[in-house]
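Presented below is the structure to which this report refers.
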Number of protein chains: 2
Amino acid sequence: MADAGRPRNGRSPDRWQEILEAASALFYAQGYHATSMQDLADAVGLQKGSLYHYLRSKEDLLFPLIQQTLQGYVDDLEAIAGAGGSAAERLRRAVTAHVERVARFGDMMTVFISEGRHLKPEEQERVRALADRYRQMLEGLIREGVESGEFRTPDPALATLAILGACNWLPQWYRPGGRAAPAEIAGVFMDLFLKGLEPRS
Amino acid sequence: MADAGRPRNGRSPDRWQEILEAASALFYAQGYHATSMQDLADAVGLQKGSLYHYLRSKEDLLFPLIQQTLQGYVDDLEAIAGAGGSAAERLRRAVTAHVERVARFGDMMTVFISEGRHLKPEEQERVRALADRYRQMLEGLIREGVESGEFRTPDPALATLAILGACNWLPQWYRPGGRAAPAEIAGVFMDLFLKGLEPRS
C-alpha cells in the first residue's frame with residue numbers, strides 16, 4: 001500500500017496505516033455499515049475531531065482498504081504460482097491462501113460487492129485490474145496443469161471461475177470458530193476440485 | 001408469491017404482480033440502485049403518483065422480490081431432487097437450473113448481499129429460512145449420492161457450499177450474450193464437480 005502509506009500534508013503515515021488496520025478489523029468484526037467514525041476514533045485512541053484530519057468519512061477508507069485487500073490476494077498468488085512444485089500442489093496452496101484470506105478479511109469482499117459503486121471510476125478501474133490480474137494468474141496455473149497433462153477440463157477459464165466463486169462465497173457462510181478451520185475448508189474444496197465427486201475405480 | 005399477490009386495500013393484485021415483474025426486469029437490466037420510481041412507473045404505464053398507491057419506495061420491493069427469487073430456486077430444486085434418476089443426473093439438473101436462474105435474475109442476488117441489512121428482522125429470518133432450505137436440499141442430494149456409493153467426498157456439507165458458491169458467484173462475472181451460455185457454463189462446472197481436474201487413468 002505505497003499510496004495509502006505515504007505522508008499526507010504532514011499527517012503521520014504511521015497513524016494513517018494504523019487507521020486502515022483498525023478500520024479493517026472493525027469492518028470485519030461488526031461490519032462496514034455498523035461501524036461509526038466514533039468507533040474508529042476509539043479504536044485508534046484519537047478524538048473524533050482529530051480523526052477528521054485523516055479522513056472526512058469512512059467512505060474515504062473504501063478504496064485504500066479494497067485495494068489493500070485485493071493486493072494481498074495478488075501478492076500471495078504471485079509468490080505461489082511462481083514457486084516450484086506441481087500445478088496441483090500450487091493450486092492447493094493458492095486455494096488455501098485464498099480461503100485463509102477470506103476468513104481473515106471476509107467483510108471487505110461483501111463491502112466491495114455492496115459499496116463498489118461508490119468508488120470513483122478510476123478507482124473502480126484499478127480494483128477491476130487487480131481482480132482481473134488475480135483471475136488470470138489462477139487461470140494460468142490451471143492452463144499450465146492442462147498443458148503438462150496434470151489436469152484436464154473442457155474449459156480452463158470457466159473452471160477457474162467456478163473455483164474462484166467457491167472461495168469468494170465464503171464470507172456469506174463462514175464464521176470464525178465454526179465447525180471447520182480455513183485449512184480444513186480448503187482441503188475439502190481441493191478434494192472436490194482435483195478428484196471430483198465420482199469415485200475413481 | 002401468495003403474499004405479494006394478495007389484494008392490498010382494493011388495489012389490483014394483477015397490477016402488483018406486474019410491478020414486481022417490471023421491477024425485477026429493470027433491476028436486472030440496469031441494477032437496483034440505478035432504477036428510479038419514474039423508471040418503474042414508465043415500465044408499467046402508470047403515473048408516478050399512481051405508483052405510490054402500490055409502494056412508497058423501491059425498498060418496498062426488496063423483500064417480495066428477494067423472497068420470490070429464492071422461492072423460485074427452492075421450487076426448482078424440490079422438483080429436481082424429488083424426481084427419479086441418479087444423484088449425478090439430478091445434481092446436473094440442479095446446477096443447470098441454478099445457473100440458468102442466476103443468469104436470468106442475477107441482480108437480485110447482488111441486491112440481497114448489499115441491501116439485505118435493510119430488511120426487517122422477520123423478513124431476514126424468512127429469507128434465511130428459504131436459503132437454508134435450499135442448501136439443505138442440495139446437501140441432501142449429495143449425501144444420497146455418497147450413501148448409494150455414487151459419490152465420495154470427505155465432507156458433504158463443505159462440498160455443497162463449494163458448489164453453491166461457484167453458482168452464486170456468477171452474477172459477479174456473467175454477462176448475457178457472453179462467450180458461454182448458461183447450459184454450457186453448467187456443463188463445465190459439473191465436469192469439475194463430478195470428475196475433478198485430475199485425469200482418470
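Protein chains get the first letters and strands the later ones, always in sequence-line order, with residue 1 at the start of each.
- Contacts between B/Ala88 and chain A at a heavy-atom distance below 4.5 Å involve the side chain alone, from C-beta outward.
- Contact count against chain A (heavy-atom pairs under 4.5 Å) is highest for B/Leu161 among B/Ile142, B/Ile185, B/Leu161.
- In this structure the side chain of B/Leu192 reaches within 4.5 angstrom of the side chain of A/Ile163, judged on heavy atoms.
- Comparing A/Leu164, A/Leu170, A/Leu158 by how many heavy-atom pairs each has under 4.5 Å with chain B, the most go to A/Leu158.
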Show me, pair by pair, the donor and acceptor atoms from chain A and chain B that are under 3.5 Å apart.
from	atom 1	to	atom 2	distance (Å)
A/His33	ND1	B/Arg117	NH2	3.2
A/His33	NE2	B/Arg117	NH1	3.4
A/His33	NE2	B/Arg117	NH2	3.0
A/Arg117	NH1	B/His33	NE2	3.4
A/Arg117	NH2	B/His33	ND1	3.2
A/Arg117	NH2	B/His33	NE2	3.0
A/Arg152	N	B/Leu197	O	2.7
A/Arg152	NH1	B/Gly196	O	2.7
A/Arg152	NH2	B/Asp191	OD1	2.5
A/Arg152	NH2	B/Asp191	OD2	2.7
A/Asp155	OD1	B/Arg179	NH2	3.4
A/Asp155	OD2	B/Arg179	NH1	3.1
A/Arg179	NH1	B/Asp155	OD2	3.1
A/Arg179	NH2	B/Asp155	OD1	3.3
A/Asp191	OD1	B/Arg152	NH2	2.4
A/Asp191	OD2	B/Arg152	NH2	2.7
A/Phe193	O	B/Leu197	N	2.7
A/Leu194	O	B/Leu197	N	3.2
A/Leu194	O	B/Glu198	N	2.9
A/Lys195	O	B/Arg200	NH2	2.9
A/Lys195	NZ	B/Glu198	OE1	3.0
A/Gly196	O	B/Arg152	NH1	2.7
A/Leu197	N	B/Phe193	O	2.7
A/Leu197	N	B/Leu194	O	3.1
A/Leu197	O	B/Arg152	N	2.7
A/Glu198	N	B/Leu194	O	2.9
A/Glu198	O	B/Arg200	NH1	3.0
A/Glu198	O	B/Arg200	NH2	2.9
A/Glu198	OE1	B/Lys195	NZ	3.0
A/Pro199	O	B/Arg200	NH1	3.2
A/Arg200	NH1	B/Glu198	O	3.0
A/Arg200	NH1	B/Pro199	O	3.2
A/Arg200	NH2	B/Lys195	O	2.9
A/Arg200	NH2	B/Glu198	O	2.9

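- For the pair A/Gly149 and B/Pro199, the tightest heavy-atom approach, listed with the atom from each and the gap, is O-CG, 3.6 Å.
- Only the side chain of B/Leu91 comes within contact range of chain A, judged by heavy atoms closer than 4.5 Å.
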Residue pair A/Val146, B/Leu197: steps toward the side chain to side chain contact (heavy atoms under 4.5 Å, CB included) verdict: CA-CA 9 Å; A/Val146 170; B/Leu197 289 171; 6.0 Å; no
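- Closest heavy-atom contact between B/Ala166 and A/Ala162: CB-O, 3.3 Å.
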